[in-house]
Structures are given as structure tokens and as C-alpha cells.
Asks: 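Quick one: the structure is below, and I'll ask about it shortly.
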Amino acid sequence: MPKSIKVSNDCIQQVNMALGVNGYPNQRALAYDTGLSLTTISNFLTGKPVSYTSFEELCRRLNLDWREITTSVEVIFPPPRIRTNTQKKTKFKSIPRLGNCN
């Protein structure tokens, strides 16, 4: 599973508007409230990758559904069969998922 996730370009304006709507006058206020760095906040608001944990926390604070504003969420499925000692190890498959912002 990837270690980071980012806001879809189509949703950046919506995310930035959510900052003020949810009582944060600026990025610094959100950083202080969440305990995240100002760089992480800036990256999130400009569509750059941040960790899954930070992404979910910021979405929670801004009342956003993280699944709707991301560019690619990968869903991991286990292999369909059980591996025996004589079989090669099978890697997990990932399926990209797109957000639906307009």
C-alpha cells in the first residue's frame, strides 16, 4: 500500500474553502489545532502527497470525506488462494480509485 495520498486537482478549491468554513482563519491555525507541521498542511491544501494518517485527520477536521477528494486510493485484496510451501509468493493486487469532485 502506498505511504501517501493527495487531494485531487479538481477538489483543491473545495478543500481550501473548507478551511475557513470550519473556523480556521489560516493554515497555521489548522497546523496548531492538529499538531501537524505547516509543511504538511500546505502540501495537503495544494494537492501534494501527505501520509494517510495526516490526510484522514485533516479531512476529519475539515469535515471532508477523504474518499471523495483523493486522486487515487488503492484497495488491497489478498490473493484468491492459499499458498503452499512449493508455490511462489503471490503479490497483492491494487486497484486505483478516483475521487468524484466536480
Side-chain angles (χ1 to χ4, degrees):
M1 182 178 249
K3 296 179 182 178
S4 61
I5 188 171
K6 63 184 183 175
V7 173
S8 166
N9 288 335
D10 296 340
C11 299
I12 291 174
Q13 184 177 6
Q14 173 191 353
V15 170
N16 280 282
M17 287 175 32
L19 192 68
V21 168
N22 289 284
Y24 296 103
N26 53 43
Q27 293 180 21
R28 191 174 305 280
L30 181 58
Y32 179 80
D33 191 41
T34 60
L36 298 171
S37 73
L38 193 53
T39 300
T40 298
I41 304 298
S42 177
N43 287 345
F44 175 78
L45 295 172
T46 58
K48 294 178 182 162
V50 298
S51 74
Y52 274 97
T53 306
S54 297
F55 194 92
E56 288 180 318
E57 175 64 15
L58 290 168
C59 287
R60 189 177 68 74
R61 298 291 177 120
L62 297 176
N63 293 310
L64 298 166
D65 184 341
W66 67 271
R67 294 165 291 217
E68 292 181 2
I69 64 166
T70 186
T71 56
S72 62
V73 174
E74 292 191 355
V75 180
I76 306 298
F77 293 100
R81 58 191 164 117
I82 298 173
R83 175 174 77 89
T84 65
N85 290 339
T86 58
Q87 294 174 320
K88 282 189 171 183
K89 192 174 186 179
T90 306
K91 291 187 177 181
F92 290 98
K93 296 180 182 179
S94 63
I95 301 171
R97 180 176 163 195
L98 300 176
N100 61 356
C101 289
N102 294 328

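Treat the numbers as computed from the prediction; the structure is a model and nothing was measured.
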Asks: Rounded at 0.5 Å granularity, tell me how far CG in Leu64 sits from CG in Leu58.
Replies: 9.5 Å

Asks: Please round to the nearest 0.5 Å and tell me the distance separating atom OG of Ser51 and atom CD of Glu57.
Replies: 10.0 Å

Asks: Quick one: pull up OG in Ser54 and CD1 in Ile41 and give me the separation to the nearest 0.5 Å.
Replies: 7.5 Å

Asks: To the nearest 0.5 Å, what is the distance between CG on Leu30 and CG on Leu62?
Replies: 5.5 Å

Asks: Check the pair Asn16, Ile12 against side chain to side chain contact (heavy atoms under 4.5 Å, CB included), reporting the backbone distance first and the verdict last.
Replies: CA-CA 6 Å; Asn16 280 282; Ile12 291 174; 3.3 Å; yes

Asks: Kindly say whether Ala18 contributes a backbone atom to a donor-acceptor pair with the side chain of Asn63 at under 3.5 angstrom?
Replies: no

Asks: Looking only at atom types and distance, does a side-chain atom of Thr70 sit under 3.5 Å from a main-chain N or O of Trp66, one as donor and one as acceptor?
Replies: no

Asks: What's the separation between atom NZ in Lys6 and atom OG1 in Thr46, rounded to the nearest 0.5 Å?
Replies: 10.0 Å

Asks: Heavy atoms, side chains only, cut-off 4.5 Å: are Leu36 and Phe44 in contact?
Replies: no

Asks: Would you find a donor on one side and an acceptor on the other, under 3.5 Å apart, between the side chain of Asp33 and the backbone of Ala29?
Replies: no

Asks: Can you list the steps and then say if Val7 with Gln14 is a side chain to side chain contact (heavy atoms under 4.5 Å, CB included)?
Replies: CA-CA 10 Å; Val7 173; Gln14 173 191 353; over 6 Å; no

Asks: Can you find a heavy atom in the side chain of Pro49 that is under 4.5 Å from one in the side chain of Ile5?
Replies: no

Asks: Check whether any side-chain heavy atom of Tyr32 sits under 4.5 Å from a side-chain heavy atom of Asn26, and report yes or no.
Replies: no

Asks: Does a side-chain N-to-carboxylate-O contact under 4.0 Å join Glu56 and Arg60?
Replies: no

Asks: Just so I know, are the side chains of Gln27 and Leu38 near enough to count as touching, which here means a heavy-atom distance under 4.5 Å?
Replies: yes

Asks: Quick one: SG on Cys11 to CD on Glu68, what's the gap to the nearest 0.5 Å?
Replies: 8.5 Å

